[in-house]
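Structure record follows, encoded as structure tokens.
What you see below is based on every heavy atom in this structure, not just the backbone, and it leaves out hydrogens, waters and symmetry mates. Below, chains carry the letters A, B, ... as their sequence lines are ordered, and counting in each starts from 1. Only a predicted model underlies this, so the values are computations on that prediction, with no experimental measurement involved.
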Amino acid sequence: GFESLSLRFEGPPQPRRAFVLRSMPSPADMSVPTPRLRFAPSPTGYLHVGGARTALFNWLYARKYGGQFLLRIEDTDKARSTEESTRAIFEGLEWLGLTWEEDVVYQGANLELHRADAQRMLDNGTAYRCFCTQAELAERRAEAEARKDSFKYDRRCDRLPADEVARRVAAGAPFTVRFRVPEGTTSWDDLVHDEIAFPNKDIEDFIVLRTDGTPIYNLAVVSDDIAMRITVVMRGDDHISNTPKQIMLYRALGEEPPTFAHLPMIHGLDGKKLSKRHGATAVGDYQHLGILPSAMLNFLALLGWSPGNDIEVMTQAQMIELFDTHGLQKKAAIFDPKKLEWMNGQHLSLIPAGELVARVVPGMEAAGLATAAELEQRRDWFVALLDLLKVRARTIDDVVRQAQPYFRGKITYDPDAVAKQWKDRVGTAEILVQARQTLAEVGKWEPVAMEEALRVLAERMGFGEKAGRVFQPLRVALTGLMASPGIFDVLLILGRDRSLSRIDDAVAFLRASSGAPAA
RNA sequence: GGCGGUAUCGUCUAGGGGACUAGGACACAGCCCUCUCAAGGCUGGAACACGGGUUCGAAUCCCGUUACCGCUACCA
């Protein structure tokens, strides 16, 4: 249970407890409060894939253990925060289906709370006022550096007599609030890293409140997490060195620190931290590239987590079922777009064509192939088409691209296809004329009958078993392309009239160009 | 520099002292299926960073080295 995840801070040595690391509370254990987690991005850009994955793991944990997943926008850096990126974060999370509970918390709105917490620490003696200016500090830092010493605040303001402090405050001297780091070691049992310990002597008395009365990140986070009653903090492992400071703050405020889980980073193909240089890094980019949210989630989940067996393709429900912090990885993962594409192909072929319609329609409209209303009118036909295409596509964009020949009245012939399959113009025209006649005579426009008739034709034309000699030129006539779904499916989806007229068009084309030298 | 973190195929990973001549997946190559393209099936190459311990036995535990990453702000 959680009681084994004790934190050692300062004070008398405690007996070492049974070491049950990375263990989850069982849902049946009622002594364990329901977990509350949050995703706390700062709105200074789009929703990054790394952020999305952090959100996903928080969400997965909450769903798995019956807890709450909350959202907090850390907008205290007014200069860099924008409403636009706040919106991008909402949109990204919504697209992924990572829904949060309760109202969004805006950190900037909690200024009074942060100040009150700083005041509490001043009152209970865990923090003190510091009158050193930034310029003085910078100078001392530079001196230390010149001496090749590492700089640490020397606590001079902590030694100021009380009446001197009072005098300066009364005189209106600006001051920051510094936390007084106690002796000892600060450690915690991280859900992914097991125990991590920091000697307090390596941590300087850090500032928690600026001269303008605004909080420093570490205070704001702790104040807000306390107020939101967060019990599990899952975040990127770039926050590991902030954690001891935050734990000290919890203690100074008389609160029990939450459980921490530090997730590894995501890197680009070159092993460096993922950035714009690596191409698409915003989840919105992938949305527009035709990636399915379920595939994105699945792929992200596998970067830094494994269900512990060979399962890879999972639905959201399966991920929740299988999720366990034991499977969390310590090592940074490299983002491989190739595998994402593969994953998307898997999800594409798994998803029922009917459910795909809504995701494909915008692309169809954008490509000018059909309007949503037209597709709705021929919904059954469109679903049948999607069934043919989805297994061949890796992205939604692929689906749209491949849908093209089934929408345009006239098709254009791919030069490569013409060169390869229509090399002999006269002979091909003859094959197509025969095929047209055969198809026109088929009683019912359905695959089995058409296949039988065309194979008989191939036989009769002397192609023996090589019915492809008929099918391939026919495919070009029907789609203009060298590759397509099965030829009988194409015939069916195109319908009798359009199929026959496309063959006519092809014959006309072949006859018109047969005199000219091959292109 | 100080402190902290990490280290299994090119990439994502399985691995919790013997089941490891290290398993799966992506990518790559070949074959099968086949009207083309996919999908699918089969096959192949490909890894325990290095050095010391502990142990009858180490990918697995400990220490060190190296490499990489993070933090080291009145940024978040």
Using a 4.0 Å heavy-atom cut-off across all strands, classify [X] as base, sugar-phosphate, or nothing.
| X | result |
| --- | --- |
| Leu302(A) | sugar-phosphate |
| Ala79(A) | nothing |
| Pro485(A) | base |
| Ser306(A) | sugar-phosphate |
| Phe198(A) | sugar-phosphate |
| Glu465(A) | nothing |
| Ser42(A) | sugar-phosphate |
| Glu74(A) | sugar-phosphate |
| Gly304(A) | sugar-phosphate |
| Ala333(A) | sugar-phosphate |
| Thr133(A) | base |
| Gly308(A) | sugar-phosphate |
| Lys338(A) | sugar-phosphate |

Tell me the interatomic distance from [X], atom [atom1], to [N], atom [atom2], rounded to whole angstroms.
| X | N | atom1 | atom2 | result |
| --- | --- | --- | --- | --- |
| Ile196(A) | G70(B) | CD1 | P | 16 Å |
| Asp237(A) | A7(B) | CG | P | 11 Å |
| Arg469(A) | U36(B) | CZ | C1' | 15 Å |
| Met265(A) | G4(B) | CE | C1' | 14 Å |
| Asp194(A) | C61(B) | CG | P | 10 Å |

Rounding to an integer number of angstrom, what distance separates [N] and [M] when you compare their [atom1] atoms?
| N | M | atom1 | value |
| --- | --- | --- | --- |
| C37(B) | C32(B) | P | 13 Å |
| U8(B) | A47(B) | P | 14 Å |
| C12(B) | A27(B) | C1' | 11 Å |
| A46(B) | C3(B) | P | 42 Å |
| A49(B) | U66(B) | C1' | 8 Å |
| A39(B) | U60(B) | C1' | 39 Å |
| C26(B) | G44(B) | P | 16 Å |
| G10(B) | G5(B) | C1' | 24 Å |

Side-chain-base donor-acceptor pair under 3.5 Å for [X] and [N]:
| X | N | answer |
| --- | --- | --- |
| Lys339(A) | A25(B) | yes |
| Glu145(A) | G1(B) | no |
| Ser484(A) | C37(B) | no |
| Asn218(A) | A76(B) | no |

Does the ring center of [X] lie less than 6.0 Å from the ring center of [Y]?
| X | Y | value |
| --- | --- | --- |
| His114(A) | Tyr217(A) | no |
| Tyr286(A) | Phe335(A) | yes |
| Phe299(A) | Trp342(A) | no |
| Phe39(A) | Phe57(A) | no |

Between Leu340(A) and Phe299(A), which residue's closest nucleotide on RNA chain B lies nearer the 5′ terminus? Phe299(A)
Taking the nucleotide of RNA chain B with the closest heavy atom to each, which residue, Ala393(A) or Asp310(A), is nearer the 5' end? Asp310(A)
Between Ser42(A) and Thr44(A), is there a donor-acceptor pair closer than 3.5 Å when you use the side chain of the first and the backbone of the second? no
Base paired to [N] (Watson-Crick or G-U; both N/O distances under 3.5 angstrom):
| N | value |
| --- | --- |
| U36(B) | none |
| U21(B) | none |
| C42(B) | G30(B) |
| G51(B) | C63(B) |

Please confirm whether the shortest side-chain N or O distance from [X] to OP1 or OP2 of [N] is below 4.0 Å.
| X | N | answer |
| --- | --- | --- |
| Arg475(A) | C37(B) | no |
| His193(A) | U6(B) | yes |
| Lys331(A) | U8(B) | yes |
| Gln329(A) | U8(B) | no |
| Arg455(A) | C35(B) | yes |
| Arg141(A) | A73(B) | yes |

Just by distance, no angles: are the side chains of Thr395(A) and Asn344(A) close enough, under 3.5 Å, to form a donor-acceptor pair? no
Is it the case that the side chains of Thr243(A) and Arg235(A) hold a donor-acceptor pair, with the cut-off being a distance below 3.5 Å and no angle test? yes
For Phe90(A) and Tyr46(A), what are the C-alpha separation, side-chain angles and deciding distance, and is it a ring-ring contact (aromatic ring centres under 6.0 Å, His included)? CA-CA 10 Å; Phe90(A) 292 162; Tyr46(A) 38 70; over 10 Å; no
Does the Lys NZ or Arg CZ of Arg178(A) fall within the cation-pi geometry relative to Tyr153(A) - under 6.0 Å from the ring centre and within 45° of the axis? yes
